[in-house]
Amino acid sequence: MNNYEKALKTILETFHAKKVKEFRGHDGYGYNADIYLGKNKIAEVDEDGWGGGLRIDYVSDEMKQKSDEIIKNLPKCKFSEATGGFSEDMMKWDAELAFDHVATNVLRMRDFKKQMKKITIIKDEQILEYRTKSSQLDEIFRFKNVGYMTLRAHLELKQKKEGIKILNLLPENEAFELYRKHS
């Protein structure tokens with residue numbers, strides 16, 4: 001785990017978002033969310049979908065100071081760790097970047113749960129889906145060259161043979177990490 005991943009893990013374990021609402025904006029999609037530290041609401045954020053930065057309205061100066069202290073102590077990392085690129089410039093964590101990760105993580109989880117209703121695989125670093133519903137994993141089908149077996153058994157064979165990852169067969173947190181990494 002590199003420093004970027006450590007910092008992101010700390011952010012997602014420390015802060016959480018509620019009342020996340022997504023909408024269409026002028027330059028793409030935007031969202032509104034309430035950001036919490038533990039049980040305490042610390043800010044309302046608004047990504048208006050018009051380009052530009054995240055608007056942050058803190059509940060109090062005390063909450064701003066608490067969140068700034070946590071963000072200031074995140075592990076230092078390079079842009080290359082975050083993007084997989086080659087930049088050796090250091091990345092500066094701030095509330096805007098941290099809170100954006102928190103809110104968009106909620107939106108990605110929603111997309112992930114919707115995606116997991118279908119059989120979802122990762123092959124060659126891409127997310128692919130079968131038309132088959134995940135609720136059919138334990139149904140018996142006839143497969144060419146192998147005969148009758150459950151879809152689950154067939155996918156497990158395919159996974160061993162082709163080196164693919166079937167997200168529906170993994171624990172949810174592990175599957176979500178892979179989904180987030182590849183989407």
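Atoms considered below: every heavy atom in the structure, side chains included; atoms not considered: hydrogens, waters and symmetry mates. These numbers were taken from a predicted model, which means no experiment stands behind them.
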Quick test of your reading: applying ring-ring contact (aromatic ring centres under 6.0 Å, His included), list the pairs with at least one residue in residues 156-183, sequence neighbours left out, ordered by first then second residue. Phe112-Phe176, Phe112-Tyr179

What is the distance from atom CZ of Phe143 to atom OG1 of Thr150, rounded to the nearest 0.5 Å? 7.5 Å

Minimal non-hydrogen separation, Tyr36 against Lys18, with atom names: CE1-CD, 3.6 Å

Would you say the side chain of Leu97 lies within less than 4.5 Å of the side chain of Met91, judging by non-hydrogen atoms? yes

Do any pairs count as a salt bridge (charged side-chain N to carboxylate O under 4.0 Å, His left out) and have a residue in residues 128-148, sequence neighbours left out, and if so which ones? Lys118-Glu129, Asp138-Arg152

Nearest-0.5 Å distance that lies between atom CG in Asp94 and atom CG in Leu74: 10.5 Å

For the residue pair His101 and Trp93, categorise the inter-ring angle as parallel (less than 30°), tilted (30 to 60°) or perpendicular (more than 60°). tilted

Derivation of the side chain to side chain contact (heavy atoms under 4.5 Å, CB included) call for Arg110 and Val20: CA-CA 10 Å; Arg110 286 181 192 163; Val20 182; 3.8 Å; yes

Any side-chain donor near an acceptor of the partner, Asn173 and Glu177, under 3.5 Å: no

Exam field: side chain Glu5 to backbone Asn2, donor-acceptor pair closer than 3.5 Å: yes

Any donor and acceptor pair, going by atom type alone, linking the side chain of Asp57 with main-chain N or O of Glu44 inside 3.5 Å? no

Decide yes or no for Phe99 and Ile42: does some side-chain heavy atom of the first lie under 4.5 Å from some side-chain heavy atom of the second? yes

My understanding is that only residues two or more places apart in sequence, or in another chain, count here; which of them pass side-chain contact (heavy atoms from CB on, under 4.5 Å) with Thr132? Ile119, Tyr130, Gln136, Leu151

Go through Lys72 and Glu69 one step at a time and tell me if the salt bridge (Lys or Arg N to Asp or Glu O under 4.0 Å) criterion holds. CA-CA 5 Å; Lys72 182 179 83 174; Glu69 188 64 30; 3.5 Å; yes

Cluster overlap Ile11 with Ile70, hydrophobic side-chain contacts below 4.5 Å: yes

Looking only at heavy atoms, which two atoms of Asn168 and Met116 are closest? And how far apart? ND2-O, 3.2 Å

Tyr31 backbone acceptor or donor facing Glu47 side chain under 3.5 Å: no

Look up atom NZ in Lys78 and atom CE in Met90, then write down how far apart they are to the nearest 0.5 Å. 7.0 Å

Is any side-chain heavy atom of Leu137 less than 4.5 Å from a side-chain heavy atom of Leu169? yes

Is there a path of hydrophobic side-chain contacts, each under 4.5 Å between heavy atoms of I/L/V/M/F/W/Y residues, joining Phe141 to Leu155? yes

With clusters defined by side-chain heavy atoms of hydrophobic residues (ILVMFWY) lying less than 4.5 Å apart, directly or transitively, does Val102 cluster with Phe23? no

Might you point out which heavy atoms bring Arg108 and Arg180 nearest each other, and give the distance in Å? NH1-CG, 3.1 Å

Give the minimum heavy-atom separation between Ala17 and Ile35, together with the two atoms involved. CB-CD1, 4.1 Å

Shortest non-hydrogen contact between Ile164 and Gln159, atoms and distance: O-CG, 3.0 Å

To the nearest 0.5 Å, tell me how far Arg24 CZ sits from Tyr29 OH. 5.0 Å

With a 4.5 Å heavy-atom cut-off, do Lys113 and Met109 have their side chains touching? yes

Taking Leu167's backbone N and O only, do any of them form a donor-acceptor pair with Thr120's side chain (distance below 3.5 Å, no angle check)? no

Flag yes if Val59 and Leu54 sit in one hydrophobic cluster, no otherwise; membership is Ile, Leu, Val, Met, Phe, Trp, Tyr, and two members link when side-chain heavy atoms are under 4.5 Å apart. no

If you take all heavy atoms of Glu156 and Ile166, which pair is closest and at what distance? N-CD1, 4.4 Å

NZ of Lys6 to CD of Glu81, rounded to nearest 0.5 Å, is 9.0 Å

Output the distance between atom SG (Cys77) and atom NZ (Lys92), rounded to the nearest 0.5 Å. 12.0 Å

Tell me whether Leu12 is reachable from Ile71 by hopping between hydrophobic residues (I, L, V, M, F, W, Y) whose side-chain heavy atoms are closer than 4.5 Å. yes

Is Asp124 reaching over with its side chain to a backbone N or O of Gln126, donor-acceptor style, under 3.5 angstrom? no

